[in-house]
**Student:** 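Take a look at the following structure, please.
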Amino acid sequence: MLAFLVLLLAALSRLLPHIFHGMAYNFTAVGAGLLFFGSRRPRWQSVLAVAVMALMDVILTTKVYGYAFHLSGYLVTWAWYAAVCLMGSALLRKVTVLRVVDGVLASATSFFLLSNFMMWANSTSFGAAAMYPHSFRGLMSCYAAGLPFFGNDLISTGVFAAAFFGLPVLLTRLIENLHSTHQPTV
């Protein structure tokens, strides 16, 4: 049940900044939520996580941004959602601090590299002129423009992963300590 609540929180973390008329600049719980969901649910349920995030993509694109939805523009992102869930399944079945850090770094970095590459590769789709020339220099310009978003994604993925993976452990230890202090002595 907790994995589904985390998934819902991750999806809402993309929508809430728009509801409150602010921009989160890629400070969301998506990467951490997908890692957590993947680590706690059977692999086949990654399809559910992708479906929830895909629905959020449709809502954001059509209702919040007011653009037409084109399936082809999201297939790579949806494959990334599935890959992060599966990475969570493989890497985080046995949770350690190092494995969570590895998952955070892999999640945020892969999204940065993939999303900016797709922006560069498809830049002519956004107007008559390309936003970034289809050259090495254009690709590097696209990556440079994405650096602030990468920083926010890396920080937010780390913060939310620490909360999602750490809070259950902390609560379990607190409950164990409460039980041990209330045990009658013989």
**Student:** W80 versus S107: any side-chain heavy-atom pair under 4.5 Å?
**Tutor:**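 Touching, per the 4.5 Å side-chain cut-off.
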
**Student:** Hydrophobic clustering (ILVMFWY, side-chain heavy atoms < 4.5 Å, transitive) - are V159 and L2 grouped together?
**Tutor:**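 In one cluster with L2: V159, yes.
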
**Student:** Do the non-hydrogen side-chain atoms of F117 and L139 ever get within less than 4.5 Å of each other?
**Tutor:**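 F117 vs L139: side chains touch.
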
**Student:** May I ask you to decide if A106's main-chain N or O and T109's side chain share a donor-acceptor pair within less than 3.5 Å?
**Tutor:**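 No, the answer is negative, given that no donor and acceptor are paired below the 3.5 Å cut-off.
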
**Student:** Closer than 3.5 angstrom, by distance alone: can the side chain of R99 be matched with the main-chain N or O of L92 as a donor-acceptor pair?
**Tutor:**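 Answer holds: no.
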
**Student:** Following the transitive rule for hydrophobic clusters with a side-chain heavy-atom cut-off under 4.5 Å over Ile, Leu, Val, Met, Phe, Trp and Tyr, establish whether F136 and L147 coincide in one cluster.
**Tutor:**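 Shared cluster, yes.
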
**Student:** Contact between L154 and L105 at the side-chain level, heavy atoms closer than 4.5 Å - yes or no?
**Tutor:**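 They are in side-chain contact.
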
**Student:** Can you list everything that forms a ring-ring contact (aromatic ring centres under 6.0 Å, His included) with F69? Sequence neighbours excluded, please.
**Tutor:**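 Testing F69 for ring-ring contact (aromatic ring centres under 6.0 Å, His included), a comparison that skips the adjacent residues, returns Y74.
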
**Student:** Between F160 and L98, is there a shared hydrophobic cluster once you connect ILVMFWY residues whose side-chain heavy atoms come closer than 4.5 Å?
**Tutor:**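 No: no chain of side-chain contacts under 4.5 Å links F160 to L98.
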
**Student:** Is the F36 to F165 ring centre distance short of 6.0 Å?
**Tutor:**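 Centroid distance F36-F165: below 6.0 Å, so yes.
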
**Student:** Under 3.5 Å, side chain of S46 to main-chain N/O of A82, donor-acceptor pair present?
**Tutor:**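 No.
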
**Student:** Could you check V100 against V95 for side-chain contact (heavy atoms from CB on, under 4.5 Å), going step by step and ending with a plain yes or no?
**Tutor:** CA-CA 7 Å; V100 172; V95 177; 3.7 Å; yes

**Student:** Compare every heavy atom of F112 with every heavy atom of N116, then report the nearest pair and how far apart it is.
**Tutor:**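 Reported closest heavy-atom pair: ND2-O, 2.9 Å.
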
**Student:** Check A145 against P148 and note the closest heavy-atom contact, atom names and distance.
**Tutor:**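 Scanning both residues completely, I find the closest heavy atoms to be O-CD, 3.5 Å.
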
**Student:** How many angstroms lie between atom CG of L174 and atom CG of L170, to the nearest 0.5 angstrom?
**Tutor:**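 Interatomic distance, L174 CG to L170 CG, rounded to 0.5 Å: 4.5 Å.
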
**Student:** Please report whether the ring centroid of F150 lies less than 6.0 Å from that of F111.
**Tutor:**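 No.
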
**Student:** CG/L9 to CZ/F37 distance, rounded to the nearest 0.5 angstrom?
**Tutor:**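 It is 13.5 Å, given to the nearest 0.5 Å.
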
**Student:** Can a donor-acceptor pair be found, under 3.5 Å and without considering hydrogens, that links the side chain of D153 to the backbone of F149?
**Tutor:**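 A pair under 3.5 Å: no.
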
**Student:** Do M140 and W120 have side chains that approach each other closer than 4.5 Å (heavy atoms only, starting at C-beta)?
**Tutor:**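 Answer no - side chains too far apart.
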
**Student:** To check you understand the geometry: which heavy-atom pair defines the closest contact between G31 and V84, and what is its length?
**Tutor:**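 Minimum heavy-atom separation between G31 and V84: O-CG1, 3.8 Å.
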
**Student:** Can you name the nearest heavy-atom pair linking A32 to A161, along with the distance?
**Tutor:**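 Nearest pair, atom of A32 first, then A161: CB-N, 3.3 Å.
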
**Student:** Identify the heavy atoms of R93 and R41 that sit nearest to each other, and give their distance.
**Tutor:**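 For R93 versus R41, the nearest heavy atoms are NH2-O, 2.6 Å.
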
**Student:** Does L35 share a hydrophobic cluster with V47, counting links as ILVMFWY side-chain heavy atoms below 4.5 Å and allowing steps through other members?
**Tutor:**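 No, L35 and V47 fall in different hydrophobic clusters.
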
**Student:** Which pairs of donor and acceptor atoms, one on a side chain in residues 53-60, lie under 3.5 Å apart (sequence neighbours left out)?
**Tutor:**
unit_1, atom_1, unit_2, atom_2, d
D57, OD1, R14, NH1, 2.8
D57, OD1, R14, NH2, 2.6
D57, OD1, Y81, OH, 3.1
D57, OD2, W78, NE1, 2.8
D57, OD2, Y81, OH, 3.0

**Student:** What are the two closest heavy atoms between V6 and G33, and how far apart are they?
**Tutor:**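 Of all heavy-atom pairs spanning V6 and G33, the closest is CG1-CA, 3.7 Å.
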
**Student:** Quick one: does S89's side chain have a donor or acceptor within less than 3.5 Å of a partner on C85's backbone?
**Tutor:**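 Not a single qualifying donor-acceptor pair exists.
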
**Student:** Does any part of the side chain of F27, heavy atoms only, come nearer than 4.5 Å to the side chain of I155, both counted from C-beta?
**Tutor:**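 I155 vs F27: side chains touch.
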
**Student:** Just so I know, are the side chains of L75 and M118 near enough to count as touching, which here means a heavy-atom distance under 4.5 Å?
**Tutor:**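 No, their side chains stay 4.5 Å or more apart.
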
**Student:** Answer whether the closest heavy-atom distance between the side chains of L7 and L34 falls below 4.5 Å.
**Tutor:**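 In short, these two side chains touch, coming nearer than 4.5 Å.
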
**Student:** From S180 OG over to R173 CZ, what is the distance, rounded to the nearest 0.5 angstrom?
**Tutor:**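 Here the rounded value is 13.0 Å.
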
**Student:** Would V76 end up clustered with M131 when hydrophobic side chains under 4.5 Å apart are linked, directly or stepwise?
**Tutor:**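 V76 clusters together with M131.
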
